[in-house]
There are 2 protein chains.
Amino acid sequence: MNENSGQTPSSQSMRGSNQSGLRAWNERLLFTLLHTQGAMPKAEIARVTGLSAQTVSVIIRALEQDGFLEKGDPVRGRIGQPSVPMSLAANGAYFLGLKIGRRSSEMILIDFHGAIRDRRMLRHDWPEPKAARAFALKAAHELVQRLPEHDRARVAGMGIAQPFQIWDWSETISAPQAMMDRWRDCDLCADLGAQLPYPVFLRNDASAACGAELVFGTRAMPRDFVYFYIGFFIGGGVVLNGALHTGESGNSGALGSMPVRAPDGRTVQLIELASIFSLEQRLVTEGLDPDLLWTDPQDWPVPDHLISDWIARAAQAIAQATVACLAVIDFKAVVIDGWFPPAIRRRLLESVQAAMNAQNLAGIDRPLISEGSLGSDARALGAAALPLTDRFLITTEVGLGNGQTSGD
Amino acid sequence: MNENSGQTPSSQSMRGSNQSGLRAWNERLLFTLLHTQGAMPKAEIARVTGLSAQTVSVIIRALEQDGFLEKGDPVRGRIGQPSVPMSLAANGAYFLGLKIGRRSSEMILIDFHGAIRDRRMLRHDWPEPKAARAFALKAAHELVQRLPEHDRARVAGMGIAQPFQIWDWSETISAPQAMMDRWRDCDLCADLGAQLPYPVFLRNDASAACGAELVFGTRAMPRDFVYFYIGFFIGGGVVLNGALHTGESGNSGALGSMPVRAPDGRTVQLIELASIFSLEQRLVTEGLDPDLLWTDPQDWPVPDHLISDWIARAAQAIAQATVACLAVIDFKAVVIDGWFPPAIRRRLLESVQAAMNAQNLAGIDRPLISEGSLGSDARALGAAALPLTDRFLITTEVGLGNGQTSGD
DNA sequence: TCAATACTAAATAAAAGTGATTTATTTATT
DNA sequence: AATAAATAAATCACTTTTATTTAGTATTGA
């Protein structure tokens with residue numbers, strides 16, 4: 001009987017705040033700071049947060065005591081007492097991330113630094129709820145058991161990344177409707193949450209990938225960006241004010257459903273033009289083995305003209321979808337990533353950039369268009385980022401301030 | 001020398017919080033609560049906020065002392081001591097809202113309840129920065145002077161609602177490009193902020209109208225909705241997590257720039273099909289006076305077939321734009337309002353609802369489509385809402401919690 | 001019917017608790 | 001000697017807890 005199920009933290013809307021909330025907030029602030037900026041001495045943390053040195057000292061000591069933070073080597077060479085950089089302890093917390101995909105599902109275990117420690121994979125013809133549940137339980141058990149014993153209790157949660165509303169496209173991808181329908185009434189998240197001793201979260205797979213870019217991405221990102229993840233399906237995520245936005249039902253960033261104009265003039269959904277399944281279909285009609293695309297995301301041993309054709313169509317469609325996105329939200333960047341070799345990602349990126357020039361941008365600002373940094377692991381990492389974010393990070397950027405008037 | 005200029009409150013990103021911040025937060029919480037729910041006795045405020053009765057008592061007393069709150073008549077008839085409902089004092093604070101439009105500009109003064117107390121209007125052939133500035137200063141002075149003397153210091157700020165990037169469409173609307181270009185380097189907001197003793201804020205006119213619906217609208221709204229405002233131009237606003245999202249440069253909700261398919265098959269921007277200027281052009285080609293549309297937003301003495309044609313095209317285009325919006329953000333509602341008679345708004349609404357049935361909604365949730373409640377005053381009200389929100393309301397919904405674990 | 005009494009809920013004063021800040025001191029280095 | 005990091009002790013701000021007061025309704029009994 002535990003309540004580890006909710007996929008959204010359920011807005012408590014109008015609750016007041018007290019000192020414990022204050023401390024909790026400041027703790028998260030320090031975690032967030034160390035997560036994004038890396039190791040920092042207490043004194044500098046005090047400077048950038050505006051908290052007093054004493055407060056930082058007290059909080060940090062408590063968190064170090066609890067094993068979440070650790071001291072680095074003292075930095076000498078500057079005047080004054082040497083500074084001791086504090087950083088997240090890699091084994092301060094662990095997180096499980098489950099990706100459910102079209103061809104395979106995968107569970108990863110990451111540490112507090114976001115490094116993937118271990119993984120388990122399951123290949124399948126079609127994803128299926130019961131099998132997914134069994135795999136999740138088995139993989140979670142194995143991955144946790146392989147941790148040193150005293151670390152096992154530090155697993156802080158599990159995240160699940162899966163495509164939403166796949167039954168809507170069973171026809172498009174010629175999938176067995178009956179099997180897809182099994183996902184309709186399946187609440188894998190609540191189900192696993194009831195079985196496991198830590199909270200379980202759920203997110204759309206592309207949004208999760210987007211969240212991974214936000215939390216683990218190597219590049220500095222603007223506060224608002226839109227993200228395309230090209231897998232078997234194309235999907236998306238939106239980051240607003242530095243935080244992933246998923247909406248009440250988690251369906252924000254359903255970019256695959258964006259209407260675009262196909263080369264033949266018809267209006268179709270983006271998913272039909274820019275997903276890998278459309279390339280796969282082409283392979284099949286050419287008599288090639290579709291598994292060429294799925295065995296290794298680092299290498300696509302496929303005739304180049306097929307890829308070029310696909311990229312051209314996909315880029316054109318993505319550019320159109322991007323303009324629509326920009327008309328809704330003033331995104332400062334567009335990030336493109338997916339389950340494909342980095343070289344392909346680069347070519348697609350450049351094609352999208354070129355296709356943007358043909359779009360009518362009157363009244364909207366031209367965004368930066370850039371590559372994602374996580375590639376094929378983005379979804380699983382995004383899943384694992386869910387419990388990390390929920391427990392340790394500040395996502396909103398809009399805190400309650402420190403009440404100091406900016407006196408002149 | 002004052003710093004009342006920034007249109008965004010400039011994210012202080014990683015600041016810690018202290019007790020004064022805590023109090024400030026809880027004060028805003030109470031303002032927000034009383035603003036949205038109306039009068040409430042202290043005891044109930046304590047219940048819904050989760051704060052202790054004592055805390056609420058202390059905070060409320062201070063705010064009452066400062067003239068922001070006032071006691072209502074004690075409610076008798078129930079067991080126990082009668083409860084004294086507390087409410088916002090109408091004259092606790094005043095706010096100025098300046099709307100700059102295509103045909104006219106207008107300044108309103110609202111009180112703490114959001115009621116329009118007074119207004120000044122300026123008709124013009126084209127909006128022009130210098131004239132706008134002069135009008136704003138004059139109108140602000142007059143409106144404030146007409147307040148009782150002891151209330152004049154309670155004017156808490158001014159908001160400006162104006163179309164963004166109008167120079168991009170000078171050709172479309174056959175406006176003098178040179179005059180439109182004068183807006184390029186004009187920072188009316190900073191300019192007025194430097195002249196006036198209270199902060200000045202700026203927002204895109206349609207986003208402002210959207211914000212007005214959020215702050216003053218009569219209907220209960222979902223946390224995420226998209227808003228179309230049909231004026232001389234069509235524009236939009238987006239509400240996410242119960243807060244208006246404008247983006248870093250304030251250009252979010254630039255729905256006029258949304259590409260849609262025109263009846264003739266061309267891809268054009270929504271602004272060309274669903275703005276009132278397209279109806280105005282039609283009037284001109286029919287030899288009618290365009291001022292028929294602009295003299296009274298309660299009545300359009302125009303041949304009905306012209307209006308029907310316009311509604312049909314506009315609704316078709318808005319429905320397409322709506323689908324694109326839903327692919328980006330999982331909006332739960334679509335709100336349509338504008339500078340037109342309520343009967344026209346209703347007809348447009350119904351046409352959009354009908355047009356939605358022809359759209360491909362695979363993978364996205366069907367939203368509620370509803371009317372706005374503020375009509376022609378929406379933009380000015382939205383402008384006035386800016387200082388109100390900035391100073392008194394919580395917009396984010398994600399506070400810092402009260403640290404109470406939800407113990408079982 | 002009318003006091004007298006019991007009960008209830010609102011409101012708040014006083015005391016206690018929590019957490020951040022200020023001030024002063026210690027420590028390790030250039 | 002100067003400087004910066006780190007922290008202990010004292011202080012301050014704000015919330016909560018506890019106890020008390022207040023103003024009403026409900027009940028009881030003559």
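No hydrogens, no waters, no symmetry mates; every other heavy atom, side chains included, goes into these values. A, B, ... follow the sequence lines: proteins, then strands. Residue 1 opens every chain.
Atom CZ in B/Arg23 sits roughly 11 Å away from atom P in D/dA13 (whole-Å rounding). Here D/dA4 presents its C1' atom at 14 Å from CZ of A/Arg76, a figure rounded to the nearest Å. Atom-to-atom, CH2 of B/Trp25 to P of D/dC14 comes out at 17 Å; the value is rounded to the nearest Å. We find that CD of A/Glu27 is positioned 11 Å from C1' of C/dG19, with the value rounded to whole Å. As rounded to whole Å, 10 Å separates atom C1' of C/dG19 from atom CG of B/Asn18. Distance A/Asn26 CG to D/dC14 P: 15 Å, rounded to the nearest Å. Atom C1' of nucleotide D/dC14 and atom CG of B/Leu29 are separated by 15 Å, given to the nearest angstrom. Across the protein-nucleic acid pair, B/Arg78 atom CZ and D/dT25 atom P stand 12 Å apart, rounded to whole Å.
OP1 or OP2 of D/dT16 sits under 4.0 Å from a side-chain N or O of B/Ser52.
The side chain to side chain donor-acceptor pair (under 3.5 Å) search around B/Glu70 returns none, not counting sequence neighbours.
Aromatic pair A/Phe112/A/Tyr94: ring centres not closer than 6.0 Å.
Side-chain contact check for B/Ser87 and B/Lys71: no donor-acceptor pair (N or O, by modelled atom type) lies under 3.5 Å.
Between A/Leu30 and A/Lys42 there is no side-chain heavy-atom pair separated by less than 4.5 Å. Counting heavy atoms from C-beta on, the side chains of A/Leu51 and B/Arg15 never come closer than 4.5 Å.
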(request) Summarise how protein sits on nucleotides 9-18 of chain C as a single string, 5' to 3': B when a protein heavy atom is under 4.0 Å from the base, S for sugar-phosphate-only contact, - for no contact. (result) BBSBBB--BB
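With a cut-off of 3.5 Å on both Watson-Crick or G-U wobble distances, the partner of D/dC14 is given as C/dG17.
When every heavy atom of B/Leu244 is checked against every heavy atom of B/Cys210, the shortest pair comes out as CD1-SG, 3.4 Å.
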